[in-house]
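One structure is given below, encoded as structure tokens.
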Amino acid sequence: MNRLDMSRTFKTEAVVLRTIRYGEADRILHLYTREHGRLGAIAKGVRKPRSRFGGRLEPFFRLALVLHRSRGDLHTVTSAETIEGYPRLRASGTGIAAAADACGGVLRLLDGVDEPNQPAYNLLCRYLELVDADPAGPATTGAGMVAFRLKLALAAGFAPELSGCARCGATDHMTAFSGAAGGVVCPTCEAGSFPFSAEAHTFMVQALGRPMADLLPGDTAAVRQAGRAIGETLEHHAHVRLPRPEGRLAA
Amino acid sequence: MSEGPAPLSRLTAELSQLPGIGRRTAQRLAFHILRSDESDARSLAEAIVEVKEKVGLCEVCFNLAEGPRCRICEDPSREVSLICVVEEPADVIPIERTHEYRGLYHVLGGALSPIDGIDAEDLRIAELRRRVEGGGILEVILATNPTTTGEATASHIADLIREQTQVTRLAAGLPVGADLEHADEVTLGRAMAGRSNV
């Protein structure tokens with residue numbers, strides 16, 4: 001291999017967020033990498049039964065990849081080794097739905113950001129680990145999914161303001177949440193907001209402060225309000241609309 | 001720069017809409033058609049029109065069909081108590097090539113994919129359930145792809161119809177003729193889990 005080829009080949013660690021069939025036997029991969037942020041790659045011949053990649057290049061796999069840098073948007077996968085396959089997650093409908101929701105959030109919120117975001121990468125890996133450890137456990141409940149989104153918003157720089165009124169800075173009597181203002185608001189500033197309970201506020205503060213593994217359950221109404229608060233904040237400030245898994249937003 | 005006569009440009013533009021066909025390949029194909037006999041070009045054009053006019057979906061299994069029902073559903077020699085569930089009509093062809101299966105099919109029209117917003121309502125799962133509830137089905141073979149979305153779809157369907165009939169899944173493992181040392185851990189793990197008596 002000459003020097004030019006060496007410089008165009010690089011190693012990275014990545015989670016497969018989504019795959020799309022392409023051509024006769026290829027697959028396009030949406031990756032979130034530890035070193036480079038969001039990347040697109042093509043895996044040639046991966047859908048053939050004798051592909052050397054086997055079943056590794058599937059959504060939610062955490063992989064050590066060697067990519068060949070291309071002139072276009074898509075790099076070419078030249079080698080793939082499994083770091084984590086998350087087999088229990090993959091065998092559960094609930095686990096797959098939660099992992100898809102998390103990967104979808106990363107895909108939309110960090111799309112077009114070609115800089116690494118290690119906190120976001122570590123958060124995604126940790127969440128997948130928790131789902132894999134117990135696909136019917138706290139991580140896959142509405143509370144777990146909303147807590148993941150909140151932490152992801154924080155890692156992406158869009159965490160809602162929870163310590164005081166996002167408009168005037170007042171610190172007492174926060175009764176509503178405004179996505180446009182980007183946080184809780186006081187009664188004087190509550191135009192365009194929705195009612196926000198003390199339980200929802202507590203849930204969000206605890207979700208931000210605690211590790212995913214120590215997440216406390218919130219009541220259904222509080223989790224729904226927290227989910228709406230994060231969704232509206234991201235819509236206004238990140239211009240991203242995440243699907244609202246309303247049916248799953250039970251604590 | 002001129003791109004030649006307008007009809008040639010139009011043909012190139014139309015061909016470049018096809019999947020996997022870029023502008024240069026479309027141009028090469030257009031020149032090939034231009035150079036070929038008029039009868040060959042007309043035959044190609046007629047085949048394209050005919051496939052759009054005559055081929056639809058079978059009202060029973062949603063496989064490709066020339067009439068209301070596909071050839072497999074019309075064939076009296078098929079075992080009507082067996083249904084093989086596949087994602088796409090193209091998946092029927094390799095199973096038929098095996099000559100190992102003599103039952104009927106059910107084509108879902110895709111696989112569950114929460115990240116792409118494809119839910120159970122977007123697939124023909126309700127129609128499959130109705131076929132099973134209609135009675136006389138002894139076994140449903142889930143032959144969705146061994147991918148994350150295919151496995152999720154198979155698991156969802158199995159949960160829905162397990163009470164009414166026997167549900168089986170295609171075996172997964174090593175391809176015939178492959179070396180064990182080159183197998184990936186996922187495939188090898190599935191092969192180990194699904195090992196059989198000899």
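Just so we're clear, the structure is a prediction, and the values are computed from it rather than from any experiment. Values reported hereafter were calculated over all heavy atoms of this structure, with side chains retained and with hydrogens, waters and symmetry mates removed. Naming convention: chains lettered A, B, ... in sequence-line order (proteins, then strands); numbering from 1 in each chain.
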Task: Proximal component of A:Phe53, with respect to chain B [non-hydrogen, under 4.5 Å] - done: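 Looking at A:Phe53, just its backbone touches chain B.
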TODO: Let me know if A:Arg47 has heavy atoms under 4.5 Å from chain B in its side chain, its backbone, both or neither.
DONE: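 Contact with chain B is absent: no heavy atom of A:Arg47 under 4.5 Å.
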So does [X] have more than 12 non-hydrogen atoms from other groups sitting under 6.0 Å from [atom1]?
X: A:Phe194; atom1: CZ; answer: yes
X: A:Arg241; atom1: CZ; answer: no
X: B:Glu139; atom1: CD; answer: yes
X: B:Arg69; atom1: CZ; answer: no
X: A:Tyr22; atom1: OH; answer: no

How close do [X] and [Y] get, counting heavy atoms only, and between which atoms?
X: A:Ala100; Y: B:Pro114; answer: CB-CB, 3.8 Å
X: A:Arg27; Y: B:Thr147; answer: NH2-CG2, 3.7 Å
X: A:Ile96; Y: B:Ala152; answer: CD1-CB, 3.7 Å

TODO: Output the option from B:Gly177, B:Gly189, B:Ala183 having the highest count of non-hydrogen pairs under 4.5 Å with chain A.
DONE: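 Among the listed options, the one with the most contacts to chain A is B:Gly177.
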Open item on the list: Counting heavy-atom pairs closer than 4.5 Å to chain A, which one of B:Asp159, B:Leu112, B:Asp116 comes out on top?
Closed with: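 Highest number of heavy-atom pairs under 4.5 Å: B:Asp116.
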Which portion of [X] sits near chain A, non-hydrogen atoms under 4.5 angstrom:
X: B:Pro175; result: side chain
X: B:Asn145; result: side chain
X: B:Thr148; result: both

Open item on the list: Tell me whether A:Arg52 is salt-bridged to B:Glu181, with the criterion being a basic N under 4.0 Å from an acidic carboxylate O.
Closed with: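 Looking at A:Arg52 and B:Glu181, the cut-off is not met.
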Task: Euclidean distance, B:Glu88 CD relative to A:Arg21 CZ, rounded to 0.5 Å - done: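 A:Arg21 atom CZ to B:Glu88 atom CD measures 6.0 Å (nearest 0.5 Å).
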Open item on the list: Does any part of the side chain of B:Ile115, heavy atoms only, come nearer than 4.5 Å to the side chain of A:Cys103, both counted from C-beta?
Closed with: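 In short, these two side chains touch, coming nearer than 4.5 Å.
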Open item on the list: Within the structure provided, determine whether A:Glu81 and B:Asp184 are in side-chain contact (heavy-atom separation under 4.5 Å).
Closed with: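 Side chain of A:Glu81 against side chain of B:Asp184, heavy atoms only: no contact under 4.5 Å found.
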